[in-house]
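Scope of the values below: all heavy atoms of this structure, side chains included, with no hydrogens, waters or symmetry mates. Naming: A, B, ... by sequence-line order, numbering from 1 per chain. What you see is a predicted model, and the numbers here were worked out from it, not measured in a lab.
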Amino acid sequence: MLHLTTGRVGCLLSKQAVVALTGSGARMSSHGHHEVSDSVDMSQPMYWDRLDTPLPDRPWKDVLDSTDKSLKQKEKGPWTALSKEEKIALYRLKFNLTYPEMKRPSHEWKTVIGGMFIVFGITGLVVFWQCHYVYPPQPPTFDEEWQAKQLQRMLDMRTNPIEGLSSQWDYKNKQWK
Amino acid sequence: MFRAVVRLSTSGVRSLARIRPCYSAPLASRCCSHAKVETDEEFDARWVTYFSKPDIDAWELKEGMNTLIGYDLVPEPKILDSALRACRRLNDLASAIRILEAVKDKSGPHKDIYPYLIQELQPTLIELGISTPEDLGMDKL
């Protein structure tokens, strides 16, 4: 409803006025088409497929043609006289989706995971570009030579001689233990 | 009875045997208020009476069914029997089939409840001519 432009609001109001004036009391979406449009009249009983609400407020198809009406008449008699196809037809008149159809798995997870990886990829590209173009030059202290001299100095100072760095260095043989 | 035995929100219960006392008692003792706790028989009787109303209307059937499905239990066969008969009085086969689908869904992972219900309801189903969703091939996609 939030995306309704003023033009469509005007159209909606005039549509509701027409419905009110016809005085038929017909529900907005009772013309056989049941897509969710942005002109759903929430003041009328609505249909929905929900696992926890087996019987919605109104039947799925309330505009019945003559075959449907004759089937409904037959429903008033003994149900043993109905064939399987007629029973299925009666169900489909009243309900849109069966419980298994409501519970069917969707492929949405593939979209979600795929979208996630795409975003990761774009982020990776952005980070890579940033490393190349945005970061300042690396300080000299990261050079191999500098790091080697730094390590040698630390060993000469006997840094952490008991449990840490210097304890791992074999001073006699000048190698790591 | 099913409310006591099959706590759908827990997953530990497997048996359908009538082991009522050990499940009703903890409920009563945990109760903080001193309100009277309804027994399973009273609950069942209340709902059977609700659906047995001779001039029940479609709204009452809908409200009753939706409320019953909202509870954390699978209704007893006798409640379902009176609900199906209410559908018959309202000439509503589709709702009768829907009720059967709903209780199958309500059983959740306990796959043995629905066949038991159908077995218990078989005389009613035959008498009223209600086909199960399986008979109509509506349990498959």
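Summarising the local packing, CE of Met42(A) is surrounded by 12 or fewer heavy atoms from other residues, nucleotides or ligands at distances under 6.0 Å. Crowding of Ile113(A) atom CD1: a count of heavy atoms from other residues, nucleotides or ligands under 6.0 Å exceeding 12. Under a cut-off of 6.0 angstrom, the local environment of CH2 in Trp109(A) is sparse, with at most 12 non-hydrogen atoms contributed by other residues, nucleotides or ligands. Within a 6.0 Å sphere centred on CD of Glu144(A), heavy atoms belonging to other residues, nucleotides or ligands number 12 at most. Within a 6.0 Å sphere centred on NZ of Lys140(B), other residues, nucleotides and ligands contribute 12 heavy atoms or fewer. The neighbour count for Gln175(A) CD, taken as heavy atoms of other residues, nucleotides or ligands under 6.0 Å away, is above 12.
Contact count against chain A (heavy-atom pairs under 4.5 Å) is highest for Gly129(B) among Gly129(B), Pro133(B), Gly137(B). Between chain B and the options Pro78(A), Pro100(A), Pro54(A), the largest number of non-hydrogen pairs under 4.5 Å is found for Pro54(A). By number of non-hydrogen pairs under 4.5 angstrom with chain B, the leading residue of Leu93(A), Thr53(A), Leu82(A), Leu90(A) is Thr53(A). For the options Glu63(B), Arg88(B), Lys62(B), Glu127(B), heavy-atom pairs under 4.5 Å to chain A are most numerous at Arg88(B).
By the 4.0 Å N-to-carboxylate-O rule, Asp135(B) lies too far from Lys84(A) to be salt-bridged with it. Between Lys94(A) and Asp92(B) there is a salt bridge, since at least one side-chain N of the basic residue sits less than 4.0 Å from a carboxylate O of the acidic one. Salt-bridge formation is not detected for the pair Arg50(A)/Asp105(B): no Lys NZ or Arg NE/NH1/NH2 atom is positioned less than 4.0 Å from an Asp or Glu carboxylate oxygen.
Judged by distance alone, with hydrogens and angles left aside, the side-chain atoms of Asp52(A) form no donor-acceptor pair with the main-chain N or O of Ile69(B) at under 3.5 Å. Proximity of a side-chain donor or acceptor of Glu75(A) to a complementary backbone N or O of Leu93(B) within less than 3.5 Å is detected.
Looking at heavy atoms from C-beta onward, Ser95(B) lies in side-chain contact with Phe95(A) at the 4.5 angstrom threshold.
Taken from CE in Met138(B) to OH in Tyr99(A), the straight-line distance is 11.5 Å, to the nearest 0.5 Å. Considering CD of Glu101(B) and OG1 of Thr98(A), their distance stands at 5.5 Å, rounded to 0.5 Å. To the nearest 0.5 Å, atoms CH2 (Trp79(A)) and CD1 (Ile130(B)) are separated by 5.0 Å. Considering CD of Glu86(A) and CG of Leu136(B), their distance stands at 11.5 Å, rounded to 0.5 Å.
Hydrophobic clustering, with ILVMFWY side chains joined whenever heavy atoms are under 4.5 angstrom apart, groups Tyr71(B) together with Val48(B). Clustering ILVMFWY residues whenever any of their side-chain heavy atoms sit less than 4.5 angstrom apart, transitively, puts Tyr171(A) in the very cluster that holds Met154(A). Criterion: ILVMFWY side-chain heavy atoms under 4.5 Å apart, direct or through other members. Under it, Leu165(A) and Ile162(A) are not part of a common hydrophobic cluster. Two different hydrophobic clusters hold Val126(A) and Tyr133(A) under the rule that ILVMFWY side chains link at heavy-atom gaps under 4.5 Å. In the hydrophobic cluster analysis, where Ile, Leu, Val, Met, Phe, Trp and Tyr join through side-chain heavy atoms closer than 4.5 angstrom, Leu90(B) is grouped apart from Trp59(B).
Neither the backbone nor the side chain of Lys72(A) comes within contact range of chain B; no heavy atom of the residue lies under 4.5 Å from a heavy atom of that chain. Heavy atoms closer than 4.5 Å to chain A are found in both the backbone and the side chain of Leu61(B).
What you find for Glu101(A) and Leu141(B) is that their closest heavy atoms are CA-CD2, 3.4 Å.
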